[in-house]
Each structure stands twice: as C-alpha cells, then as structure tokens.
Amino acid sequence: MSTFTFATVPQIIAGPGSISRLSELKTGLGSRILVISDDGVVRAGLVQPALASLSEGGAETSIFTGVVADPPEAVIHDAVARAIEFGATGILGIGGGSSLDVAKLVALLARSGEALCDIYGVGKVTGERLPLVLAPTTAGTGSEVTPISIVTTDAHQKKGVVSPTLLPDAAILDASLTVGLPPSVTAATGIDAMVHAIEAFTSASANNNPVSRTLAKEALRLLGANIEAAVKNGTDMVARQAMLLGAMLAGQAFANSPVAAVHALAYPIGGLYHVPHGLSNSLVLPHVLHFNATVCGDAYAELAPCLFPQLEPADRSGRLAGFLEGLALLPVRLNLPVRLRDVGIPKDGLALLAENAMEQTRLLVNNPRTVLLSDAARIYEDAW
Ligand SMILES: NC(=O)c1ccc[n+]([C@@H]2O[C@H](COP(=O)([O-])OP(=O)(O)OC[C@H]3O[C@@H](n4cnc5c(N)ncnc54)[C@H](O)[C@@H]3O)[C@@H](O)[C@H]2O)c1
Ligand SMILES: [Fe+2]
C-alpha cells in the first residue's frame, strides 16, 4: 500500500463568466488588488471584466502588464516593486502560465521579502504570501493549481521555485477568457496539458499516487475529446470549458506526481530557441514516449482509450501502438510543426540541447526510464 500526500487549491470557481463575478466571491484579496498580466492578454480585453467587477465591489486596482513569455527574473523584480509601491493587499493573476507564474512569485516576495535567488529548488520558501487568485487564459499549464513557478534565469536556463506556499487561494476557470486564443496556441497548450497528465501517470516519483493517476485519466478524456473542436472553432464554449477543466485536472495530477523527460527535453528548446512551452513539449513528445515505451508500455496501453476511445476494444499491443501513433499524428492533425528543423533548430544545435537537458535533474529523476546523455542526443536526432 503506497504512502502519499496530495495537495491542491482550497477553492475552484468554474464556469463561463465567473471572472465577472469576482467581487461576489470570497477571494480574500482585500481592498488594493494588483492584477498581473501581459500586453497580449490585456489587448484581447480579458482583464477588463475582472477590473470592472473588483471596482464595483469597492476595491482599488492597479495593473502590471510587463509579463513576457518565459518570464525573466527582471520582470518579477519590477512587478514586486510595483506591488510594494501600490501597497497591494492581494494579487490577481490573469493570463497564460507566464502571467500566473509571475503572480505567484509577486504574492510571495512582496510579502515575505525573500530574495528570488535564494528560493530556486524544492521547499526553499520560508515566508508567507499575500492573498492570491489565478485565472488562466490558456488551457494549458495548469499553473493555477500547481505549487510551481518557472523563471528564465539567464539567456537559456529555466529554473523552478517549488513550494506549497505558491498554491493560490482560488483558481478561476472561465472559458470566456480563452475564446480568443489563436488555434496554434490552443493546440500547443492543449498538448502541454496532455503531457502533464501522461507524465504524472507514469512518474517515477515516490509520490506517484492514485489520486493523481485518476485525475490524469479524466484529464486525458476531456482534453482528447475537445482539443480538435477548440482548435477548429475557438468560440465553442463547451469545448473551451472542458479544455480548461482538463488542463486543471492535469495540473492537479502533476503538482503531486511530477513531470519527467518530455519536460526536461522541452525546456532547453524553449530556453535556447524561444519556442513556446507547449510546442517544445509537442515536438519531443512522440520520441520520448517511444523511448519510455519499453518500460511503461502497460501504463500507456491503459491510458490509450482515455485519449482515443476507439482503442477500447484493442488488446495491450494494439492499444500501445495506437497510443504512440495517435500522439505522433495529433500535432499533424492540429497543424503544428512536427520536427525540430521546422522551428529553425539547426542539426548542429542538437548536442547543446542534449547537454542542457541533462541539467534538468529535478525532472529527469521522475522519468520511468533512465535518460543518459546519449539517449537525450538520440531523442533530439529522432525529433529533428
Ligand atoms: N507553473 C507551472 O506549473 C507551469 C507548468 C508548465 C509551464 N509553465 C510555464 O508557463 C509558461 C507558458 O505558459 P503558456 O503556454 O500558458 O503561455 P504564456 O503565458 O507564455 O502566453 C503565450 C502567449 O499567449 C498570449 N495569450 C495568452 N492567453 C491568451 C488569450 N486568451 N487570447 C489571446 N492571447 C493569449 C499571451 O499574451 C502570450 O503572448 C512558460 O514559462 C512555462 O515554463 C508553468
Ligand atoms: Fe508543461
């Protein structure tokens, strides 16, 4: 019998239009609320309903729009300075994983006074944070329910802060915030969420647990059944809300049973070539699955009908083959680039990618099959 822990957010508020009811919800954000977002999200008009609701409820608001994708440390320092100057009583993050990750660190650092450079790694946070609510506009990273913030620390490195203190007080899942997401971003971020579920299910972590595995399967059902509809018709609110729910469940799963080699090999692609996080994952996914299949074929066969219900009657080998093939074809069906060369990565860049991937020890330890430098190099070659 396994011993495990499972933690998630205390409150989830779901449904189209939830963000416009912010002032009625017991979020504990207080009277001076700093909203953390990025220019693209603000230009898409996604922050306005929240601001209107908060003002109606009598709160003073200020907005920091300086987040950029794969946020560097400087963005966090600027946002923390703004929060302190404004006298923020609470932080509301609205955006993709980048905005939510920044919002988490701002809530912590503006209150605890810790230095960002001291808290990279697992369990290094000691102080408390300001009240924090997160509303994702991608479906997605699941950052709204993970105790993780990812920061770009220099030209090519990404580091994580992992602490239960970063779990927000509430997550708001409102499909109206995702309707304007372009098809390619819907596809890539949706595949990122699938990867979270698959890697949580097969994680070699000692805390791989039955709650995460159950959530991962349901996440894959929702994501698999809705990704094409959401990509083809961005205004399909049923598909959009299901994608948000699926991404959140996958986030809960991997928050407690952490991700592994797909993410370890994806991060250097984002760090060195600025390929978006979801697409980086999508590019290496089929090749890492193929590598892992020798040790977790049973698990992949079990997951296969969640993503591809037509595989339900197949036997183990049929399910496994269908799972690997179906996930290799998914990016093609969704019109995403499928090879590393398609996103401008030169063949002579693969060796450095492999070296950098080996530095992601926090993630590689969770992979069900040991990844050596030569394995990483071969996977990148296969993906090129
Ligand atoms: N904390 C975690 O647990 C966790 C997990 C996985 C990834 N991440 C991190 O999350 C980041 C990636 O997040 P992401 O993939 O959600 O994208 P993102 O936040 O980087 O946003 C990508 C782009 O999409 C735009 N955008 C977002 N929502 C939109 C909408 N509804 N309409 C129009 N445009 C919109 C943004 O303006 C931005 O230009 C990376 O830094 C990654 O490392 C964090
Ligand atoms: Fe991810």
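Using a distance-only test at 3.5 Å, with no hydrogens or angles considered, a donor-acceptor pair links the side chain of T214 to the main chain of P210. In this structure, R319 contributes its side chain and E302 its backbone to no donor-acceptor pair below 3.5 Å. Looking only at distances, no side-chain donor or acceptor of N367 sits under 3.5 Å from a matching main-chain atom of A204. The backbone N or O of N207 sits less than 3.5 Å from a side-chain atom of N209, completing a donor-acceptor pair. Here the side chain of T189 pairs no donor or acceptor atom with the backbone of G140 at under 3.5 angstrom. A distance-only check finds a donor-acceptor pair linking the side chain of S53 to the backbone of L22 [under 3.5 Å]. Although no hydrogens or angles enter the test, the distance criterion places a donor-acceptor pair under 3.5 Å between the side chain of S212 and the main chain of A253. Put simply, the side chain of D101 gets close to the backbone of I150: a donor and an acceptor are under 3.5 Å apart. Proximity of a side-chain donor or acceptor of E312 to a complementary backbone N or O of P305 within less than 3.5 Å is not detected. Side-chain atoms of R339 come within 3.5 Å of backbone N or O of W384 as a donor-acceptor pair.
To the nearest 0.5 Å, the span separating CD on E228 from OG1 on T186 amounts to 13.0 Å. Note that CZ of R129 is 9.5 Å distant from OG of S163, once rounded to the nearest 0.5 Å. One distance of note links OG of S143 with CG of L100; it measures 4.5 Å at 0.5 Å rounding. The distance from atom CG of L249 to atom CZ of R221, rounded to the nearest 0.5 Å, is 11.0 Å.
For the pair L92/L34, no side-chain contact is recorded, criterion being any heavy-atom separation below 4.5 Å from C-beta on. Proximity of K159 to V151: side-chain heavy atoms (C-beta onward) are nowhere separated by under 4.5 Å. Under the 4.5 Å side-chain criterion, counting only non-hydrogen atoms from C-beta, S31 is not in contact with E60. You'll find the side chain of I36 stays beyond 4.5 Å of the side chain of I94, heavy atoms only. In this structure the side chain of F291 never reaches within 4.5 angstrom of the side chain of P286, judged on heavy atoms. At a threshold of 4.5 Å between non-hydrogen side-chain atoms, the residues L167 and E144 do not count as touching. Using a 4.5 Å heavy-atom cutoff, the side chains of I13 and Q11 are in contact. A heavy-atom distance below 4.5 Å is found between the side chains of L109 and E114.
Residues R240 and S176 have side chains that never bring a donor and an acceptor to within less than 3.5 angstrom of each other. Between the side chains of D192 and H277, at least one donor N or O lies within less than 3.5 Å of an accepting N or O. For the residue pair K104/T165, the side-chain donor-acceptor check at 3.5 Å is not satisfied. Side-chain atoms of Q252 and T8 form a donor-acceptor pair, as typed in the model, at a separation below 3.5 Å. Using modelled atom types, one finds a donor on one side chain and an acceptor on the other under 3.5 Å when comparing R82 with S62.
Applying the side chain to side chain donor-acceptor pair (under 3.5 Å) test between H263 and each of Q360, K158, H196 identifies H196 as the sole match. Under the side chain to side chain contact (heavy atoms under 4.5 Å, CB included) rule, I269 has a single partner from N281, N356, L353, which is L353.
A69 and S98 make their closest contact through CA-OG, 3.5 Å (heavy atoms, listed as atom of the first residue, atom of the second, distance). Nearest heavy-atom pair, Q241 versus G15, reported as atom, atom and distance to 0.1 Å: NE2-N, 3.3 Å. Shortest non-hydrogen contact noted between A239 and A230 is CB-N, 4.0 Å.
Taking the ring centroids of Y380 and H287, they lie at or beyond the 6.0 Å cut-off.
Heavy atoms of other residues, nucleotides or ligands lying less than 6.0 angstrom from CD of E355 number more than 12. Within 6.0 Å of the NE2 atom in H290, the count of heavy atoms belonging to other residues, nucleotides or ligands does not exceed 12. Counting non-hydrogen atoms of other residues, nucleotides and ligands closer than 6.0 Å to CD of Q310 gives a total above 12.
Salt-bridge check for D118 with K124: failed, with every basic side-chain N at 4.0 Å or more from each acidic carboxylate O. The pair E381-R378 fails the salt-bridge criterion, with no side-chain N (NZ, NE, NH1 or NH2) lying under 4.0 Å from an Asp/Glu carboxylate O. Salt bridge R43/D38: absent, no basic N to carboxylate O contact under 4.0 Å.
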